[in-house]
Engineer: 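First, the structure itself, so that you have it in front of you.
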Amino acid sequence: MPFHYSPKVSIIIPCYNVEKYLKRCLLSIVKQTLKEIEIILVDDGSTDNTSMLCDEWAKKDSRIKVIHKQNEGLGYARNSGLNLAQGEYIAFVDSDDYVDINMYEQLYNSSERGKYDAIFCGLRQEIAPQSYIQVRDFDNITIFKEEQMSRLALSFLHKTELTPYSRLFMSVWHGIYKRELIETLHLRFYSEREILSEDLPFQITFFKNSRNILFIPNCLYTYCLNTSSLSHDIKLSKFDTAKNLRHLLYTLIPDDDEDNYLIDIEYYGRIRGLLTLLISSNKFKWKEKYEFIKKLCKDDVWKELKIKNAYKVYSWKYMRQYELLKENKPFNLILFTIFDKYINKKQIKELLNHLYN
């Protein structure tokens with residue numbers, strides 16, 4: 001179709017070695033019931049057939065623009081798309097996921113002609129091949145106003161009185177964002193190679209500067225399980241990028257904010273998850289794991305964390321790894337992490353099966 005209009009939504013899709021998934025993703029995008037869209041494919045230095053497939057799709061649909069660039073990661077790929085985008089709103093899609101064909105019509109129509117700075121929907125999250133759960137931040141249409149924005153931004157770190165279930169789902173791909181505000185803020189993504197979670201600083205900055213945000217409960221985005229994706233890859237450098245994220249968040253949330261301790265609680269949760277991935281990984285020998293964890297335990301950061309409030313909301317088991325880190329007990333930390341992942345959860349599952357079957 002000819003591209004003779006100003007797009008209502010620019011959809012930015014970073015692509016890196018996704019020839020297996022790209023067709024599924026793009027079919028869900030080009031068939032959108034909202035026709036006034038532009039689709040920006042950012043080929044991030046792919047080494048498979050992704051680059052060729054992007055060009056072929058651009059020949060089929062004049063709404064598709066393609067950027068070929070050297071590989072710099074997801075965050076910088078999105079930035080390349082932002083530099084080209086012309087839509088009233090911006091959307092982000094991961095190329096191994098797909099969306100409902102009416103997703104952007106529902107989101108854009110909910111904006112009430114640009115009344116809201118951002119609109120978010122629910123999602124379906126694949127937990128096993130062809131097995132999904134629905135994830136919603138709110139069960140009903142929910143609106144937040146300017147005076148609530150700073151508090152709502154904190155809800156990306158931890159559950160607050162504004163969120164009924166848990167902290168807000170932080171990924172940027174289940175909503176649309178007003179491009180004018182993004183450009184006013186000169187807002188761009190950090191590299192995930194330097195800052196663990198490129199989405200979190202973007203969300204917090206956008207929310208803290210918004211006038212209003214709308215959530216609708218409809219689950220319109222499907223997040224698919226891809227075991228080769230960045231989020232499933234364990235690298236030792238992620239421990240450093242997690243610390244970099246903590247430092248960055250302290251620059252985004254003022255020192256006089258009495259709840260900025262949530263940054264440290266969020267940081268510990270990430271380290272806890274990374275420890276589990278590291279100990280269960282086959283990429284490293286046990287000696288390598290032990291030497292790394294021994295070094296990790298000696299980090300002064302464990303004495304700096306403002307984490308005492310976490311004891312009010314988490315169990316002793318959740319907090320035990322923090323205590324072992326602070327006490328510099330790497331061997332005990334490894335044993336407890338193994339117990340927590342493989343033994344304790346299995347026993348709890350068996351107990352629940354016994355009670356309910």
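Every value quoted in this text rests on a predicted model; they were computed, and no experiment measured them.
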Engineer: Around Tyr250, counting heavy atoms of other residues, nucleotides and ligands shown, do more than 12 lie under 6.0 Å from its OH?
Structural biologist: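 Enclosed.
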
Engineer: Do Gln148 and Asn212 have side chains that approach each other closer than 4.5 Å (heavy atoms only, starting at C-beta)?
Structural biologist: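 Of all side-chain heavy-atom pairs linking Asn212 with Gln148, none is under 4.5 Å.
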
Engineer: Could you tell me the separation between the CG atom of Asn244 and the CZ atom of Arg193, rounded to the nearest 0.5 Å?
Structural biologist: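 Asn244 atom CG to Arg193 atom CZ measures 15.0 Å (nearest 0.5 Å).
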
Engineer: For the residue pair Tyr108 and Tyr89, categorise the inter-ring angle as parallel (less than 30°), tilted (30 to 60°) or perpendicular (more than 60°).
Structural biologist: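 Ring orientation, 0 to 90° scale: perpendicular.
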
Engineer: Enter the distance from Leu252:CG to Leu200:CG here, rounded to the nearest 0.5 Å.
Structural biologist: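 Rounded to the nearest 0.5 Å, the CG-CG separation comes to 8.5 Å.
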
Engineer: Do Tyr223 and Tyr165 sit in one hydrophobic cluster, given that two such residues count as connected whenever their side-chain heavy atoms are within less than 4.5 Å of each other, even indirectly?
Structural biologist: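 No.
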
Engineer: I need the full list of salt bridge (charged side-chain N to carboxylate O under 4.0 Å, His left out) pairs touching residues 41-50, with sequence neighbours left out, sorted by first then second residue.
Structural biologist: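 Only Asp44-Lys69 qualify under salt bridge (charged side-chain N to carboxylate O under 4.0 Å, His left out).
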
Engineer: Give a yes or no on whether the backbone of Thr337 and the side-chain of Gln321 come within a donor-acceptor separation of less than 3.5 Å.
Structural biologist: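 Judged by distance alone, no pair lies under 3.5 Å.
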
Engineer: Take atom NZ of Lys306 as the centre, draw a 6.0 Å sphere, and report whether it contains more than 12 heavy atoms from other residues, nucleotides or ligands.
Structural biologist: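 Counting other residues, nucleotides and ligands, NZ of Lys306 exceeds 12 neighbours.
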
Engineer: Looking just at side-chain N and O atoms, do Tyr104 and Glu36 make a donor-acceptor pair shorter than 3.5 Å?
Structural biologist: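 Note: Tyr104 and Glu36 side chains miss the donor-acceptor criterion.
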
Engineer: Check the orientation of Tyr267 and Trp302. Use parallel for under 30°, tilted for 30 to 60°, and perpendicular for over 60°.
Structural biologist: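 Rings of Tyr267 and Trp302: parallel, as their planes differ by under 30°.
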
Engineer: I'd like to know whether Asp94 forms a salt bridge (Lys or Arg N to Asp or Glu O under 4.0 Å) with Arg78, so could you lay out the CA-CA distance, the side-chain angles of the two residues, the decisive distance to 0.1 Å, and finally the verdict.
Structural biologist: CA-CA 10 Å; Asp94 283 358; Arg78 286 174 177 166; 3.4 Å; yes

Engineer: Verify side-chain contact (heavy atoms from CB on, under 4.5 Å) between Cys219 and Arg136, making sure each step is shown before the conclusion.
Structural biologist: CA-CA 7 Å; Cys219 293; Arg136 295 183 179 89; 3.8 Å; yes

Engineer: Salt bridge (Lys or Arg N to Asp or Glu O under 4.0 Å) for Asp340 and Arg320? Distances and angles first, verdict last.
Structural biologist: CA-CA 10 Å; Asp340 188 37; Arg320 183 58 181 153; over 6 Å; no

Engineer: Quick one: does any side-chain atom of Ser210 pair with a main-chain N or O of Phe206 as donor and acceptor, under 3.5 Å?
Structural biologist: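 Side chain of Ser210 to backbone of Phe206: a pair is present.
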
Engineer: Sort out for me which residue in Arg179, Arg211, Lys208 forms a salt bridge (charged side-chain N to carboxylate O under 4.0 Å, His left out) with Asp117.
Structural biologist: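 Between Asp117 and the candidates, salt bridge (charged side-chain N to carboxylate O under 4.0 Å, His left out) is satisfied uniquely by Arg211.
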
Engineer: Check the hydrophobic clustering (I, L, V, M, F, W, Y; side-chain heavy atoms under 4.5 Å; chains of links allowed) and say if Val42 and Tyr76 are grouped together.
Structural biologist: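 Looking at the clustering, Tyr76 is in a separate group from Val42.
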
Engineer: Report the C-alpha separation of Lys59 and Glu56 in whole Å, then their side-chain angles, then the decisive distance to 0.1 Å, and conclude whether the salt bridge (Lys or Arg N to Asp or Glu O under 4.0 Å) test is met.
Structural biologist: CA-CA 5 Å; Lys59 293 175 183 177; Glu56 289 180 356; over 6 Å; no

Engineer: Might you point out which heavy atoms bring Trp57 and Ile64 nearest each other, and give the distance in Å?
Structural biologist: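 Of all heavy-atom pairs spanning Trp57 and Ile64, the closest is O-CD1, 3.4 Å.
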
Engineer: Would a distance-only check, ignoring hydrogens and angles, find a side-chain to backbone donor-acceptor pair under 3.5 Å from Lys238 to Leu274?
Structural biologist: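 It does not hold such a pair.
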
Engineer: Is the ring pair Phe144/Phe215 parallel, tilted or perpendicular, if the boundaries are 30 and 60 degrees?
Structural biologist: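 Judged by the thresholds at 30° and 60°, the geometry between Phe144 and Phe215 is perpendicular.
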
Engineer: Are Tyr16 and Ile11 connected, step by step, through hydrophobic side chains (Ile, Leu, Val, Met, Phe, Trp, Tyr) whose heavy atoms are closer than 4.5 Å?
Structural biologist: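 No.
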
Engineer: For the CZ atom of Phe138 and the CD1 atom of Ile216, what is their distance to the nearest 0.5 Å?
Structural biologist: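 It comes to 13.0 Å.
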
Engineer: Between Asn102 and Gln32, which heavy-atom pair has the shortest distance, and what is it?
Structural biologist: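 Of all heavy-atom pairs spanning Asn102 and Gln32, the closest is C-OE1, 4.0 Å.
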
Engineer: Under a single-linkage definition using a 4.5 Å side-chain heavy-atom cutoff for Ile, Leu, Val, Met, Phe, Trp and Tyr, are Leu154 and Met149 assigned to the same hydrophobic cluster?
Structural biologist: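 Result: yes, single cluster for both.
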
Engineer: Looking at Glu266 and Arg270, is there a salt bridge between them, counting it only when a charged N and a carboxylate O are closer than 4.0 Å?
Structural biologist: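 Glu266 and Arg270: salt-bridged.
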
Engineer: Can you pull the salt bridge (charged side-chain N to carboxylate O under 4.0 Å, His left out) pairs that have at least one residue in residues 138-156, sequence neighbours excluded?
Structural biologist: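 Matches after skipping sequence neighbours: Arg151-Glu161, Arg151-Asp259.
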
Engineer: Kindly compute the distance separating CG (Leu324) from CG (Asn332), expressed to the nearest 0.5 Å.
Structural biologist: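 So the gap between those two atoms works out to 6.0 Å.
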
Engineer: What's the separation between atom CG in Leu248 and atom CG in Leu196, rounded to the nearest 0.5 Å?
Structural biologist: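 Answer for the CG-CG pair, Leu248 versus Leu196, is 11.5 Å.
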
Engineer: Apply side-chain contact (heavy atoms from CB on, under 4.5 Å) to Tyr21 and Ser95, showing your working.
Structural biologist: CA-CA 7 Å; Tyr21 307 104; Ser95 49; over 6 Å; no

Engineer: Check whether more than 12 heavy atoms from other residues, nucleotides or ligands sit under 6.0 Å from atom CZ of Phe189, and answer yes or no.
Structural biologist: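 Counting neighbours around CZ of Phe189, more than 12 heavy atoms of other residues, nucleotides or ligands fall under 6.0 Å, so yes.
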
Engineer: Please determine whether side-chain contact (heavy atoms from CB on, under 4.5 Å) holds for the pair Phe239 and Leu278, giving the CA-CA distance in whole Å, both sets of side-chain angles, and the decisive distance to 0.1 Å.
Structural biologist: CA-CA 10 Å; Phe239 288 87; Leu278 173 60; 4.2 Å; yes

Engineer: Distance-only, no hydrogens or angles: does the Thr205 side chain make a donor-acceptor pair with backbone N or O of Pro201 under 3.5 Å?
Structural biologist: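 Indeed, once roles are kept as given, a pair shorter than 3.5 Å links the two residues.
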
Engineer: Are Phe156 and Phe120 an aromatic pair by the rule of ring centers under 6.0 Å?
Structural biologist: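 Here the rings of Phe120 and Phe156 have centres that are no less than 6.0 Å from each other.
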
Engineer: Does the side chain of Ser155 come under 3.5 Å of the side chain of Thr160 through a donor N or O and an acceptor N or O?
Structural biologist: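 There is such a pair (donor and acceptor under 3.5 Å, judged by atom type) between the side chains of Ser155 and Thr160.
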
Engineer: Is it true that a side-chain atom of Glu38 and a backbone atom of Gln86 form a donor plus acceptor pair closer than 3.5 Å?
Structural biologist: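 A pair under 3.5 Å: yes.
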
Engineer: Which heavy atom in Arg63 sits nearest to a heavy atom in Val30, and how many Å separate them?
Structural biologist: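 Closest heavy-atom pair between Arg63 and Val30: NH2-O, 2.9 Å.
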
Engineer: Any heavy-atom pair between the side chains of Thr241 and Glu192 that's under 4.5 Å?
Structural biologist: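 No; the side chains remain at least 4.5 Å from each other.
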
Engineer: Could you walk me through whether Asp137 and His174 pass the side-chain contact (heavy atoms from CB on, under 4.5 Å) check?
Structural biologist: CA-CA 11 Å; Asp137 288 314; His174 68 303; 3.7 Å; yes

Engineer: Report the residues that fulfil side-chain hydrogen bond (donor to acceptor under 3.5 Å, both in side chains) with Tyr221, sequence neighbours left out, ordered by chain and then residue number.
Structural biologist: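 With neighbours one apart ignored, the set is Asp97.
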
Engineer: Is the number of heavy atoms from other residues, nucleotides or ligands under 6.0 Å of Glu288 CD greater than 12?
Structural biologist: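 Yes, enclosed.
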
Engineer: Would you kindly confirm whether Leu27 and Val9 end up in one hydrophobic cluster when ILVMFWY residues are joined by side chain heavy atoms under 4.5 Å apart?
Structural biologist: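 Yes.
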
Engineer: Taking the inter-plane angle between the rings of Tyr314 and Tyr318 on a 0 to 90° scale, is it parallel (under 30°), tilted (30 to 60°) or perpendicular (over 60°)?
Structural biologist: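 Parallel, since the angle between the ring planes stays under 30°.
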
Engineer: Please find the pair of heavy atoms, one from Pro330 and one from Lys294, that lie closest to each other, and give the distance.
Structural biologist: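 Scanning both residues, the minimum pair turns out to be CB-CA, 3.7 Å.
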
Engineer: Might you point out which heavy atoms bring Glu126 and Leu225 nearest each other, and give the distance in Å?
Structural biologist: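 So the two residues come closest at OE1-N, 2.6 Å.
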
Engineer: For Ile141, is the CD1 atom crowded, meaning more than 12 foreign heavy atoms sit under 6.0 Å from it?
Structural biologist: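 Open.
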
Engineer: Nearest 0.5 Å please: distance from the OG atom of Ser80 over to the CG atom of Leu82.
Structural biologist: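 Those atoms lie 9.0 Å apart.
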
Engineer: Can you check whether Leu41 reaches Leu26 side chain to side chain, under 4.5 Å on heavy atoms?
Structural biologist: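 Yes, side chains in contact.
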
Engineer: Please report the closest heavy-atom contact between Tyr177 and Val172, naming both atoms and the distance.
Structural biologist: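 Residues Tyr177 and Val172, closest heavy atoms: OH-CA, 3.3 Å.
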
Engineer: So, does Lys289 use its side chain to make a donor-acceptor pair with the main chain of Ile293 at under 3.5 Å?
Structural biologist: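 Not a single qualifying donor-acceptor pair exists.
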
Engineer: Which one of Asn71, Thr47, Thr50 satisfies the side chain to side chain donor-acceptor pair (under 3.5 Å) criterion with Asn17?
Structural biologist: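 That would be Thr47; it is the only one of Asn71, Thr47, Thr50 passing the side chain to side chain donor-acceptor pair (under 3.5 Å) with Asn17.
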
Engineer: As a test of understanding, state which of Leu333, Leu305, Asp264 forms a side chain to side chain contact (heavy atoms under 4.5 Å, CB included) with Tyr322.
Structural biologist: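 It is Leu305, the one option of Leu333, Leu305, Asp264 that forms the side chain to side chain contact (heavy atoms under 4.5 Å, CB included) with Tyr322.
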
